[in-house]
Amino acid sequence: MKERLHQHVKKILAELSYPSIDIIFDRPKVAAHGDLTTNVAMMLAKSLGKNPRQVAQSIVEKLDAKSLMLSSIEIAGPGFINFKFAENYVVEQAKEILRAGDKFGASDAAHGKKTNVEWVSANPTGMLHSGHGRQVILGQVIANLLEWTGHKVTREYYFNNAGNQMRNLAESIYARYRQALGDDYPFPENGYQGEYITEIAQEIIKEKGSSLRETDSERIYFKKYGEEWCFKRIKATLSRLGVQHDVFYNEDSLYSEGKIQEVIQAFREKDLVYDQDGAVWYRATKFGADKDRVIVKSTGEPTYRLPDIAYHREKYRRGFELIVDIFGADHIATIPDVLSGVTALGFDTSKVKVIIHQMVSFVNGEEVVKMSKRNAKTYTLDELIDEVGVDAVHYFFVMRSVGTHLEFDIALAKEQSDKNPVYYLQYAHARIASLLRFAQQEGFKIEDRTAMLNATDFSLITSKEEIDLLKKLLEFPEIVQSCALTYEPHRLTTYLREVAETFHRFYHEQRVINDDKKLMQARLTVCLLTKIVIANGCKILAVSCPEKM
RNA sequence: GAUCCCGUAGCUCAAUUGGAUAGAGCAACAGCCUUCUAAGCUGUAGGUUCCGCGUUCGAUUCGCGGCGGGAUCACCA
């Protein structure tokens with residue numbers, strides 16, 4: 001419809017020899033303003049030196065509502081032109097939902113664009129904590145959205161099992177191991193405090209006894225054991241949430257395959273690095289940073305910046321046309337250096353989309369849940385899932401815009417009542433499922449979409465509640481598209497809430513189970529359409545849709 | 001001190017990316033179940049969109065300056 005109107009208006013502007021401008025159609029906030037609106041008249045008014053309402057009038061005169069399947073075209077306010085869809089148009093469009101079924105909302109807009117989404121990427125030095133949840137879910141939903149809009153998505157996890165952090169892990173485990181053996185052994189100053197370290201040490205004692213008391217200085221066994229232990233748990237947590245990465249990219253391979261050296265070499269050729277105090281410095285100030293950065297320490301070890309740059313170069317080399325990185329706000333400082341480095345290497349950073357989400361705080365009703373890294377007691381993501389359930393975790397982490405600090409209310413997420421937005425949505429789905437079950441017993445062929453389509457007399461769908469609902473459902477593809485384009489999944493939750501609300505109102509006003517079988521069939525179809533949209537939306541959010549509640 | 005994010009109803013947040021009368025949920029108040037799931041629906045009340053200036057037909061949205069909150073500013077990742 002938008003397309004069609006766009007063409008018509010464009011033609012009219014030409015006929016009236018008005019200047020050609022971007023014609024934009026929006027969905028008005030207020031329903032009374034119709035289904036679509038455009039501000040072209042106001043945009044044109046200035047350059048034409050005319051009253052915007054007059055301009056609007058001249059355009060509207062040339063539009064024929066009926067042939068465009070509109071019930072009205074009106075000029076309103078300062079010069080908006082408002083369009084209202086004819087009911088038969090809405091109903092006709094709604095058939096598409098039934099035809100497309102679980103594909104409704106999907107598109108090939110991106111034409112199979114090779115896209116890499118990297119997220120989580122926690123090093124295997126511990127379990128995922130509750131704060132990680134936001135990133136875990138955000139990445140999952142963004143990857144889904146991109147897939148739904150025609151991207152060919154590779155889900156990627158980047159990790160480092162070498163370097164300082166892992167050494168620290170190994171030392172921490174070793175210290176606990178010695179302590180558990182009764183030795184008076186000091187715990188490293190910045191060691192990992194968590195109880196899991198002791199747990200790992202205990203396991204090692206079980207397997208190896210005290211035989212590792214005098215181990216090599218690298219603590220190879222402890223490092224390896226700790227890494228595997230942590231990774232196993234990280235993957236298990238991700239799996240509980242339905243998160244599957246296609247590629248686990250190991251930072252080590254950047255060294256073993258010489259990629260790190262290549263980057264340094266390339267930088268040297270471009271005079272982007274220099275040596276000082278035994279370290280190699282990157283001229284970050286050339287790209288607006290306040291000071292230059294070390295990329296190779298005097299110990300000969302690179303800082304994280306260098307492998308990050310090399311890693312991103314590999315993403316380009318692997319042929320990705322869109323590179324999506326999802327980071328928490330705590331990583332914000334690293335991004336400019338990586339981007340400038342990649343630019344310096346001759347790659348187009350407009351292909352990189354960095355999504356930075358703000359931090360999460362947890363409250364339990366009134367009480368603030370304290371969480372600190374220094375403290376031995378951390379609140380793991382697993383514990384959060386245990387407490388509030390998989391669906392609430394999915395929904396809550398994605399329901400706020402990424403730019404704002406997220407407050408996660410555990411008490412609310414746990415609540416199995418109307419207070420909880422997840423249940424509101426799921427309840428609508430379960431309600432529909434219950435109706436359809438009943439209808440099936442009555443002999444309606446609700447499983448067969450084609451049969452439903454053919455059996456339905458769509459002209460019986462006339463009530464305001466039904467038309468409102470269908471209009472809402474028809475917005476779905478556009479919502480998916482714009483959520484993907486803006487990387488703003490929270491708008492999908494807002495939309496689905498509206499769908500559920502519009503459905504509940506319809507349910508309340510219009511009885512579905514009916515003596516009039518024709519009417520019942522028509523309303524069952526409306527229910528089925530709603531169920532399709534909710535189910536598809538929930539699939540993107542990775543939230544389950546119960547048939548019963 | 002610098003950089004980035006945020007500031008909207010009592011609380012948690014939306015606002016179609018510059019549109020018309022700023023909307024939801026929770027909390028408060030008043031109604032709706034002999035019939036399809038009341039985990040629902042309807043209504044009432046609640047606002048100087050942190051402050052000021054600017055840009056324009058039009059600003060919660062853009063720009064500048066304040067104020068307040070968060071994150072980050074390592075030869076840690």
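Reminder, nothing fancy here: chain letters follow the sequence lines and each chain counts from 1.
- Looking at the side chain of A:Lys548, the nearest of the listed nucleotides B:C57, B:C73, B:U37 is B:U37.
- Side chain of A:Ser130 to backbone of A:Tyr379: a donor-acceptor contact under 3.5 angstrom is found.
- No more than 12 heavy atoms of other residues, nucleotides or ligands lie within 6.0 Å of NZ in A:Lys84, so this atom counts as exposed by the packing criterion.
- Residue A:Tyr423 places none of its side-chain N or O atoms closer than 4.0 Å to OP1 or OP2 of B:C26.
- A straight line from NZ of A:Lys29 to C1' of B:U8 spans 12 Å, rounded to a whole angstrom.
- A donor-acceptor distance shorter than 3.5 angstrom exists from the side chain of A:Gln135 to the backbone of A:Val120, with no hydrogens or angles considered.
- With a cut-off of 3.5 Å on both Watson-Crick or G-U wobble distances, the partner of B:C29 is given as B:G43.
- At a threshold of 4.0 angstrom between heavy atoms, the contacts of A:Pro336 with the nucleic acid are absent.
- Among the atoms of the strands shown, base atoms are found under 4.0 Å from some heavy atom of A:His331.
- Within the 4.0 Å cut-off from OP1 or OP2 of B:A24, not a single side-chain nitrogen or oxygen of A:Thr493 is found.
- Listed nucleotides B:U35, B:C41, B:A39 differ in distance to A:Tyr427; the shortest reach to its side chain belongs to B:A39.
- Counting only heavy atoms from C-beta on, A:Arg431 has its side chain closest to B:G40 among B:G40, B:A77, B:C73.
- Taking CG of A:Asn164 as the start and CE of A:Met166 as the end, the distance is 11.5 Å to the nearest 0.5 Å.
- Applying the Watson-Crick and G-U wobble criteria (two distances, each under 3.5 Å), B:C4 pairs with B:G70.
- B:G65 sits 10 Å from B:U3 when the P atoms are compared, rounded to a whole Å.
- Nucleic acid contact for A:Gln441: none, since no nucleic acid atom lies under 4.0 Å from a heavy atom of the residue.
- Taking a pair to require two hydrogen-bonding distances under 3.5 Å in either a Watson-Crick or a G-U wobble arrangement, B:C13 pairs with B:G23.
- Salt-bridge formation is not detected for the pair A:Glu498/A:Arg27: no Lys NZ or Arg NE/NH1/NH2 atom is positioned less than 4.0 Å from an Asp or Glu carboxylate oxygen.
- Nucleic acid contact for A:Thr303: sugar-phosphate only, since backbone atoms but no base atoms lie under 4.0 Å from a heavy atom of the residue.
- The nucleotide whose nearest atom lies closest to any side-chain atom of A:Met549 is, among B:U16, B:G19, B:A39, B:A39.
- A:Ala333 comes within 4.0 angstrom of sugar-phosphate atoms only, judged by non-hydrogen atoms across all strands, and of no base.
- The partner of B:U34 is absent, by the rule that a Watson-Crick or G-U pair needs both atom distances under 3.5 Å.
- Nucleotide B:C26 holds its C1' atom 11 Å from the CZ atom of A:Phe396, rounded to whole Å.
- In terms of polar N and O atoms assigned as donor or acceptor, the side chain of A:Ser401 never comes within less than 3.5 Å of the base of B:A14 in a complementary pairing.
- In this pair, A:Tyr424 does not lay its aromatic ring on the base of B:G25; centres under 5.5 Å and planes under 30 degrees do not both hold.
- Remark: B:G65 base-pairs with B:C51. Criterion, Watson-Crick or G-U wobble with two distances under 3.5 Å.
- Residue A:His33 is classed as a base contact, given a heavy-atom separation below 4.0 Å to a base.
- Taking only side-chain atoms of A:Ala430, from C-beta outward, the nucleotide of B:G70, B:A77, B:U37 with the closest atom is B:U37.
- Among the protein residues, A:Val512 comes within range of the nucleic acid bases, having at least one heavy atom under 4.0 Å from a base atom.
- Closest contact between the side chain of A:Met42 and the listed nucleotides B:U37, B:G19, B:U35 involves B:G19.
- Counting any heavy atom pair closer than 4.0 Å across all strands shown, A:Leu435 reaches a base atom.
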Dump the intermediate steps for salt bridge (charged side-chain N to carboxylate O under 4.0 Å, His left out) on A:Arg511 and A:Asp516, then the final yes or no. CA-CA 11 Å; A:Arg511 222 184 131 66; A:Asp516 182 342; over 6 Å; no
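- Rounded to the nearest Å, the gap between the C1' atom of B:U17 and that of B:C62 is 11 Å.
- Across all strands shown, A:Arg497 has heavy atoms under 4.0 Å from sugar-phosphate atoms exclusively, and none from any base.
- Residue-level contact check: A:Phe438 touches neither bases nor backbone, having no heavy atom under 4.0 Å from any strand.
- In this structure, A:Phe327 atom CZ and B:A71 atom P are separated by 19 Å, rounded to whole Å.
- For A:Asp277, counting side-chain heavy atoms from C-beta on, the closest listed nucleotide (B:C75, B:A20, B:C76) is B:C75.
- Counting heavy-atom neighbours within 6.0 Å of A:Lys517 NZ, excluding the residue itself, gives a total above 12.
- No donor-acceptor distance shorter than 3.5 angstrom exists from the side chain of A:His429 to the backbone of A:Leu425, with no hydrogens or angles considered.
- Nearest-nucleotide positions on RNA chain B place A:Gly77 closer to the 5' end than the other of A:Gly77 and A:Asn123.
- Rounded to a whole angstrom, the distance from the C1' atom of B:U55 to that of B:C73 is 33 Å.
- Nearer to the 5' terminus of RNA chain B, by closest-nucleotide assignment, is the contact made by A:Pro421 (compared with the other of A:Pro421 and A:Ala329).
- Here A:Thr125 lies out of heavy-atom contact (under 4.0 Å) with every strand.
- In this entry the base of B:C33 is syn relative to its sugar, with a glycosidic angle within 90° of 0.
- Atom pair A:Phe506:CZ and B:U42:P shows a separation of 14 Å (rounding to whole Å applied).
- Atom CG in A:Leu519 sits roughly 17 Å away from atom P in B:C36 (whole-Å rounding).
- A donor-acceptor contact under 3.5 angstrom links the side-chain atoms of A:Asn82 to the base of B:A20.
- Computed from coordinates, the A:Phe444 CZ to B:C36 P distance equals 17 Å when rounded to whole Å.
- Atom CE of A:Met399 and atom C1' of B:C26 are 11 Å apart (whole Å).
- When heavy atoms are screened at a 4.0 angstrom cut-off, A:Arg505 is found touching the sugar-phosphate backbone but no base atom.
- Comparing B:C41, B:U72, B:A77 by their closest approach to the side chain of A:Glu251 singles out B:A77.
- Counting non-hydrogen atoms under 4.0 angstrom, A:Thr494 reaches the backbone sugars and phosphates but no base.
- Not a single donor-acceptor pair under 3.5 Å links the side chain of A:Arg313 to the backbone N or O of A:Ile309.
- The C1' atoms of B:U49 and B:A59 are separated by 11 Å, rounded to the nearest whole Å.
- The nearest whole Å value for the distance from the CZ atom in A:Phe503 to the P atom in B:C36 is 14 Å.
- When the nucleotides B:A71, B:U37, B:U12 are ranked by their closest atom to the side chain of A:Arg400, B:U12 comes out on top.
- Close to B:A74, at under 4.0 Å from its OP1 or OP2, lies no side-chain N or O of A:Lys297.
- Annotation: cation-pi geometry not satisfied between A:Arg431 and A:Phe503 (NZ/CZ under 6.0 angstrom from ring centroid, within 45° of ring axis).
- Within 4.0 Å of A:Ala32, counting heavy atoms only, lies no atom of the nucleic acid at all.
- Taking the syn range as angles within 90° of 0, the glycosidic angle of B:U60 is outside it, so the base is anti.
- Between A:His490 and the phosphate of B:A15, there is a side-chain N or O to OP1/OP2 separation shorter than 4.0 Å.
- Among the nucleotides B:U17, B:C6, B:G19, the one closest to the side chain of A:Glu488 is B:U17.
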